[in-house]
Amino acid sequence: MLRKIFISILVLIAAAAAVVFWVFRPIPATHPALQAGLPDLVALRHYYANADSSWRYRLSPDGKYLAWLESKYLKPALWVRPLEGETTEIFHTSDEVRWYQWSADGRYLLYQADRDGWENDVIVSIDVTQPGAEPRSYDFGRDVKSWIHAVPAESGADILVAHNARDARKFDLFRLNLDSGETTPLEQVSELGVQWRVNRRGDIYAKTVFETPDDWRTELLQPDGSWMQIAEGGLEDWFSVLAEPDENGEILAVSTLGRDTSALIRFDPATRTQEILFEDETVDLSWVEAHPATGAPLSAVSYPDYQRRAYFDPAYQAMLGAIPQEGQVALHRVSSTNDMSKMIVETEHSTKGWSKFLIDAERDEVTTIATPPIAAFAQHMSEMEPVSFPARDGLTLHATLTRPKGVTQAAPMVILIHGGPVTRSGWGFNGFHSWLANRGYVVLDVNYRGSGGFGRAFREAAVGEVSRKMHLDIVDARAWAVAEGLADPEKVGVLGGSFGGLKVLTALTESPDLFAAGININGISDISTMLQEVPAYWQGWPSWYLKYIGDPEDPEDLADIRDRSPLYNAAAVEAPLLIIQGSNDVRVIQDQADRMVQALEEAGKEVDYMLLNGAGHQFSAWGWKTRIIAHRRMARFLATHLGGRADGFDYAVLGAHVLPW
């Protein structure tokens with residue numbers, strides 16, 4: 001009897017295993033260009049669920065402790081150890097921690113948590129001096145969004161926070177004591193919005209006041225307590241103060257006033273004269289690094305193609321130069337002590353990921369902290385390269401290209417379309433690019449007109465051109481890739497999220513004969529309703545919308561906007577389409593996806609709808625299980641319609657479906 005029961009159990013286990021392996025069976029590459037030469041397939045878990053990964057290494061301001069993020073039993077956790085020691089404390093959290101920082105006194109780790117996908121972030125602290133301490137939330141009310149404005153270097157257990165509890169449209173500034181949880185109001189916003197600059201003590205010394213997005217002014221606090229206006233501008237301008245006035249009364253700032261691209265300047269508020277310290281005439285500055293104590297500039301960084309740096313401090317340049325570098329890399333100073341005697345710098349390589357190094361200037365030492373596990377698969381990954389090509393009207397478009405390793409013929413291509421739209425894609429390690437290329441796709445990530453980072457003229461080339469020339473930029477990118485012998489013209493897909501999702505839907509409705517498949521993630525289908533659907537605190541959005549798209553209150557404009565909205569052109573879609581939508585998205589609400597799916601189904605079109613319950617708009621806020629499940633769906637969709645390959649059984653995929661956390 002026992003033998004029969006044992007045999008029955010074995011049969012059931014074998015049957016269950018057979019079902020699992022059938023459900024998670026691999027899909028081999030079918031495109032002719034991929035039949036020879038593809039490298040080993042790097043499993044999905046190595047990109048988005050690697051239990052050996054550790055990241056976000058940060059030094060405490062006094063250099064006594066080192067913290068980082070790492071999973072523990074497949075759950076997120078913050079790890080802390082003395083820099084001169086081995087004992088490690090692990091602090092568990094149920095939050096998906098995207099970033100964190102130390103408090104000025106080195107006692108707390110701080111982060112913001114979006115716990116329901118609705119982007120109503122709460123501020124959280126963990127007291128690292130208490131072993132096993134639980135995360136403490138500073139919640140300012142239901143449906144209130146809060147954020148950490150600043151952690152001034154000499155503020156002890158105080159930080160500055162902003163939240164919109166008083167008025168959902170505006171963020172007021174407060175001082176929060178992490179020990180007591182008490183807040184002290186600093187400034188209540190009566191205008192459209194205010195951006196503050198604070199010194200090491202947490203005192204406001206400059207602010208930019210927005211009456212409207214088209215009318216802002218920057219003011220500097222004077223010794224007598226009055227405010228002196230030092231700059232003003234409109235929607236396409238900015239003037240960002242970086243540090244308090246020096247002994248000569250001059251300030252560092254990044255400015256676009258009177259310019260096409262931004263520049264780092266030394267500015268005299270009294271005379272409104274400036275000295276340009278660094279400019280890159282082809283692109284805007286990406287960031288400026290300053291000394292945490294003195295505010296003196298250390299370097300300025302831009303990305304015309306690869307990372308470009310201008311150094312202002314020879315000692316700092318020498319410190320970064322001591323870091324081992326192999327091939328094309330980008331450098332990122334991610335943490336430093338207040339005195340800059342120690343710092344953590346990451347090197348970014350397009351196939352090896354992000355390696356972490358600790359620099360100790362006093363000992364003249366560089367120590368490797370961590371090498372990413374993904375680097376073990378670098379031989380199976382493809383280098384990313386910057387490329388550029390002309391649009392049909394002569395405008396130069398910049399993009400990044402990642403080709404499948406070992407593939408020399410025209411292959412299936414995925415054109416990636418970033419969101420924003422005033423963001424940009426650039427060179428570096430991108431797990432999504434690498435994952436797609438490893439599965440057999442040429443990946444072309446296009447900075448279409450209107451993208452940020454390429455100057456005022458490039459942005460304004462998109463005025464009135466949403467779903468017109470902006471769409472034709474994607475068509476021209478496809479034509480360039482085909483002409484270069486990179487892409488099989490019959491197997492070009494488009495993939496994008498948010499505003500990029502709008503452009504995916506536009507590609508399939510405006511040029512249905514050019515694209516073989518599309519994936520839209522949290523994308524806009526009806527731009528005529530967007531003004532009524534975004535969060536209340538997105539007060540700058542209407543001005544951009546009216547300038548670049550039109551006025552939906554005007555009947556003629558409304559008719560034109562709807563004509564350019566994919567929802568009203570669903571019958572034109574010919575290619576298979578996968579729509580992925582977060583149910584808790586507050587930026588592009590679920591109704592945008594629901595109505596598009598309904599319109600496609602009524603038109604008899606092929607559409608695959610994946611609703612992610614509890615997920616919000618931002619991919620970075622999705623938990624590892626959501627990412628794994630969504631990526632598996634995308635891989636199998638693309639393999640079916642473009643001819644690349646897809647993973648088979650992966651215990652991370654199984655875990656994403658069955659684990660309760």
Side-chain angles (χ1 to χ4, degrees), residues 57-59 61 63 153 197 200 238-248 250-256 259-268 273-350 352 354-369 386 424 426-429 453-455:
Y57 284 82
R58 299 292 185 266
L59 289 165
R197 292 293 180 183
R200 293 170 57 81
W238 70 83
F239 184 90
S240 179
V241 178
L242 301 182
E244 282 188 285
D246 61 17
E247 63 275 8
N248 298 317
E250 296 178 330
I251 60 175
L252 285 175
V254 174
S255 173
T256 64
R259 303 176 49 83
D260 183 56
T261 58
S262 62
L264 174 64
I265 63 172
R266 192 185 309 279
F267 182 78
D268 185 334
T273 57
Q274 65 182 37
E275 173 193 358
I276 296 176
L277 299 181
F278 178 73
E279 60 181 332
D280 189 324
E281 294 182 355
T282 59
V283 292
D284 295 308
L285 300 187
S286 295
W287 66 83
V288 174
E289 295 178 317
H291 192 288
T294 67
L298 301 174
S299 74
V301 180
S302 63
Y303 279 82
D305 36 44
Y306 301 105
Q307 186 185 82
R308 180 183 297 176
R309 278 179 176 269
Y311 288 97
F312 309 109
D313 186 316
Y316 180 65
Q317 183 175 5
M319 291 173 74
L320 294 192
I323 297 172
Q325 300 177 40
E326 181 181 347
Q328 187 67 242
V329 299
L331 299 176
H332 304 265
R333 177 172 66 99
V334 297
S335 178
S336 62
T337 56
N338 283 339
D339 61 4
M340 285 285 286
S341 64
K342 299 178 181 67
M343 67 176 72
I344 295 173
V345 176
E346 296 180 343
T347 60
E348 181 184 10
H349 191 282
S350 66
K352 298 177 183 178
W354 301 68
S355 296
K356 293 85 174 172
F357 299 89
L358 172 65
I359 300 176
D360 189 324
E362 294 175 340
R363 297 178 179 177
D364 195 23
E365 291 179 351
V366 177
T367 306
T368 302
I369 299 176
R424 62 162 291 183
W427 180 89
F429 178 77
F454 297 94

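When reading the values below, keep in mind they use all heavy atoms of this one structure, side chains included, and skip hydrogens, waters and symmetry mates.
- One distance of note links CZ of R266 with CG of L242; it measures 11.5 Å at 0.5 Å rounding.
- Residue Q325 qualifies as enclosed at atom CD: its count of foreign heavy atoms under 6.0 Å is above 12.
- Across A293 and N338, no two heavy atoms sit closer than the pair CB-O, 3.6 Å.
- I265 and S255 get closest at one heavy-atom pair: CD1-CB, 3.8 Å.
- Note on ring orientation: taking the six-membered ring where Trp is involved, the planes of Y303 and W287 are tilted (angle from 30° to 60°).
- Here E289 contributes atom CD and L298 contributes atom CG; the two are 6.5 Å apart, rounded to the nearest 0.5 Å.
- Within the 4.5 Å cutoff, the side chain of W354 has no heavy atoms near those of the V334 side chain.
- Once rounded to the nearest 0.5 Å, the distance linking CG of L285 with CZ of R308 reads 11.0 Å.
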Residue pair L252, V288: steps toward the side-chain contact (heavy atoms from CB on, under 4.5 Å) verdict: CA-CA 10 Å; L252 285 175; V288 174; over 6 Å; no
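- Atom OG of S286 and atom CZ of R424 lie 6.0 Å apart (nearest 0.5 Å).
- Put simply, the side chain of M319 does not reach to within 4.5 Å of the side chain of V345, judged on heavy atoms.
- For the pair E348 (side chain) and F429 (backbone), a donor-acceptor distance under 3.5 Å is present.
- Contact of the R197 side chain with the I251 side chain is not registered, since no non-hydrogen atoms from C-beta on lie closer than 4.5 Å.
- Between G428 and S350, the shortest heavy-atom contact is O-CB, 3.6 Å.
- Of the possible polar contacts, one joining the D284 side chain to the S262 backbone as a donor-acceptor pair under 3.5 Å is found.
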Take L59 and L358, measure what side-chain contact (heavy atoms from CB on, under 4.5 Å) needs, and give me the verdict at the end. CA-CA 9 Å; L59 289 165; L358 172 65; 4.0 Å; yes
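- Separation of atoms OG (S341) and CG (D360) is listed at 6.5 Å; rounding is to 0.5 Å.
- Side-chain contact check for M340 versus Y316: some heavy-atom pair is nearer than 4.5 Å.
- Here the side chains of S355 and T368 are not in contact, with every heavy-atom distance at 4.5 Å or above.
- When every heavy atom of P297 is checked against every heavy atom of F312, the shortest pair comes out as O-CB, 3.4 Å.
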Trace of the side-chain contact (heavy atoms from CB on, under 4.5 Å) decision for I323 with V329: CA-CA 11 Å; I323 297 172; V329 299; over 6 Å; no
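- With contacts defined as side-chain heavy-atom distances shorter than 4.5 Å, the pair E326/K352 qualifies.
- Between atom OH of residue Y57 and atom CD1 of residue I344 there is a gap of 9.0 Å, rounded to the nearest 0.5 Å.
- Q317 places none of its side-chain heavy atoms less than 4.5 Å from the side chain of R309.
- The heavy-atom pair separating S302 from D280 by the smallest distance is OG-OD2, 2.8 Å.
- In this structure, G455 and T261 approach most closely via the heavy-atom pair CA-CG2, 3.8 Å.
- Between F267 and F239, the ring planes lie perpendicular to each other; the angle is over 60°, past the 30° to 60° tilted range.
- Under the 3.5 Å distance criterion, the side-chain polar atoms of N248 are left unmatched by any main-chain donor or acceptor of E250.
- A donor-acceptor pair under 3.5 Å is formed between the side chain of Q307 and the backbone N or O of L331.
- Proximity of L320 to M343: side-chain heavy atoms (C-beta onward) are separated by under 4.5 Å at one or more points.
- Side-chain atoms of S240 never come within 3.5 Å of backbone atoms of V254 as a donor-acceptor pair (strictly under, hydrogens ignored).
- The closest donor-acceptor contact from the side chain of T337 to the backbone of K342 lies under 3.5 Å.
- Within 6.0 Å of atom CG in D364, 12 or fewer heavy atoms from other residues, nucleotides or ligands are found, so the atom counts as exposed in its surroundings.
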